[in-house]
Amino acid sequence: MNGGKTGSLSIRTPEGILFSLPLAGPVARFLAWVVDLACITAVMGVIGTIAGALGVVSRDFAAAVFTVLYFSISVGYGISAEWLWRGQTVGKRLLRLRVIDAGGLKLQFSQVVIRNLIRFFDSLPAFYLVGGVSCLLTSKLQRLGDFAANTVVIRAIETTDPDVDQLLAGKFNSLRAFPHLAARLRQQISPQEAGIALQSLMRRNELDPGARIELFREIAGHLRSLVEFPEEASYGITDEQYIRNVVDIIFREKKL
């Protein structure tokens with residue numbers, strides 16, 4: 001994996017296939033944070049009313065409760081939203097941004113926790129000054145939390161679903177015999193993983209046979225690790241056909 005020039009994240013496989021993802025700049029990330037801050041502030045407004053009632057008993061106690069709750073909610077909001085929405089918060093959704101693993105792999109829960117816990121240091125001394133400077137000085141536009149968690153923020157540009165009918169025409173898909181596992185696969189696979197699988201099929205003719213076999217072996221192995229299908233579902237099929245079956249499930253679901 002290579003960082004590429006500022007503004008994009010380039011992921012190069014050992015076989016020489018290059019995938020490029022557009023990175024989100026400091027301005028877009030700041031605007032997303034402003035939206036998220038508004039969401040947190042709205043919640044804290046309700047809590048502030050409750051803390052105000054506690055202030056009748058002890059003003060210091062109410063202030064302490066408010067401080068602890070603000071930290072817990074601001075961090076908990078980022079962790080829960082980015083994990084449940086696969087790297088997105090309300091602000092990131094509106095700005096079409098997404099947090100991903102710096103290597104293009106599936107985002108892990110530990111990465112989400114780490115980058116949100118270190119958010120406090122990125123926000124120092126005010127308005128994300130430390131995080132903003134870090135983004136400007138690094139080729140992958142990473143703040144301190146991204147460095148620690150090995151994550152980057154990309155621009156999740158919406159595209160129309162690719163027409164894969166011709167690519168997959170006439171191919172029997174043994175994985176569809178297990179609809180509950182197919183549904184789980186659609187839940188487990190990330191947009192980046194699905195895109196890489198699709199691109200590997202569309203660009204297969206750019207590789208020599210040996211490199212193509214090795215690339216499909218690695219991608220199919222990773223896809224198999226996401227959801228374990230029964231042995232009869234993949235018995236006797238090649239790694240390339242397995243990838244075709246996965247792409248068929250992911251990209252042709254709406255057409256069924």
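Here, residue 1 is the first one in the sequence, and each next residue gets the next number.
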Could you tell me if the side chain of [Y] sits less than 4.5 Å from the side chain of [X], heavy atoms only?
X      : Y      : answer
Leu181 : Leu185 : no
Tyr242 : Leu223 : yes
Pro26  : Leu136 : yes
Asp101 : Asn150 : yes
Trp83  : Val113 : no
Lys92  : Leu94  : no
Arg98  : Pro191 : yes
Pro230 : Phe178 : yes

N/O donor-acceptor pair under 3.5 Å between [X] side chain and [Y] backbone:
X      : Y      : answer
Ser123 : Ala126 : no
Asp122 : Leu144 : yes
Arg184 : Pro179 : no
Gln111 : Ala149 : yes
Glu214 : Ala211 : no
Asn116 : Val112 : yes

Just verifying a value: how many Å separate [X] [atom1] and [Y] [atom2], rounded to the nearest 0.5 Å?
X      : Y      : atom1 : atom2 : result
Ile237 : Phe172 : CD1   : CZ    : 9.5 Å
Leu215 : Arg203 : CG    : CZ    : 10.0 Å
Phe216 : Ile213 : CZ    : CD1   : 9.5 Å
Arg119 : Phe71  : CZ    : CZ    : 11.0 Å
Thr41  : Ile73  : OG1   : CD1   : 10.5 Å
Arg93  : Gln88  : CZ    : CD    : 5.5 Å

Indicate the atoms forming the closest heavy-atom contact of [X] with [Y], along with that distance.
X      : Y      : result
Asp146 : Leu141 : OD2-O, 4.4 Å
Leu107 : Glu82  : CD2-O, 4.4 Å
Leu95  : Ala28  : CG-O, 3.9 Å
Arg29  : Arg115 : NH2-NH2, 3.6 Å
Ala24  : Leu97  : CB-CD2, 3.6 Å
Thr138 : Ser134 : OG1-O, 3.0 Å

*Intermediate values then yes/no, side-chain contact (heavy atoms from CB on, under 4.5 Å), Thr151 and Ile100*: CA-CA 6 Å; Thr151 57; Ile100 66 169; over 6 Å; no
*Would you mind checking if Glu228 and Arg224 are paired as a salt bridge, meaning a charged N to carboxylate O distance below 4.0 Å?*
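Answer for the salt bridge query: no.
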Flag yes if [X] and [Y] sit in one hydrophobic cluster, no otherwise; membership is Ile, Leu, Val, Met, Phe, Trp, Tyr, and two members link when side-chain heavy atoms are under 4.5 Å apart.
X      : Y      : value
Ile79  : Tyr70  : yes
Leu84  : Phe109 : yes
Val133 : Leu124 : no
Val99  : Val34  : yes
Tyr77  : Met44  : yes

_Before you tell me yes or no, could you show the steps for Ile243 and Val247 under side-chain contact (heavy atoms from CB on, under 4.5 Å), namely the whole-Å CA-CA distance, both residues' side-chain angles and the distance that decides it to 0.1 Å?_
CA-CA 6 Å; Ile243 297 173; Val247 169; 4.2 Å; yes
*May I ask you to check whether Thr238 and Gln241 show a side-chain donor-acceptor distance below 3.5 Å?*
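No, Gln241 and Thr238 have no side-chain donor paired with an acceptor closer than 3.5 Å.
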_Looking at Tyr128, I'd like to know if the NZ or CZ of Arg143 sits under 6.0 Å from its six-membered ring centre while staying within 45 degrees of the ring's axis._
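No cation-pi geometry.
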*Audit row: Ile219, Asp239, side-chain contact (heavy atoms from CB on, under 4.5 Å) steps and yes/no*: CA-CA 8 Å; Ile219 296 178; Asp239 291 330; over 6 Å; no
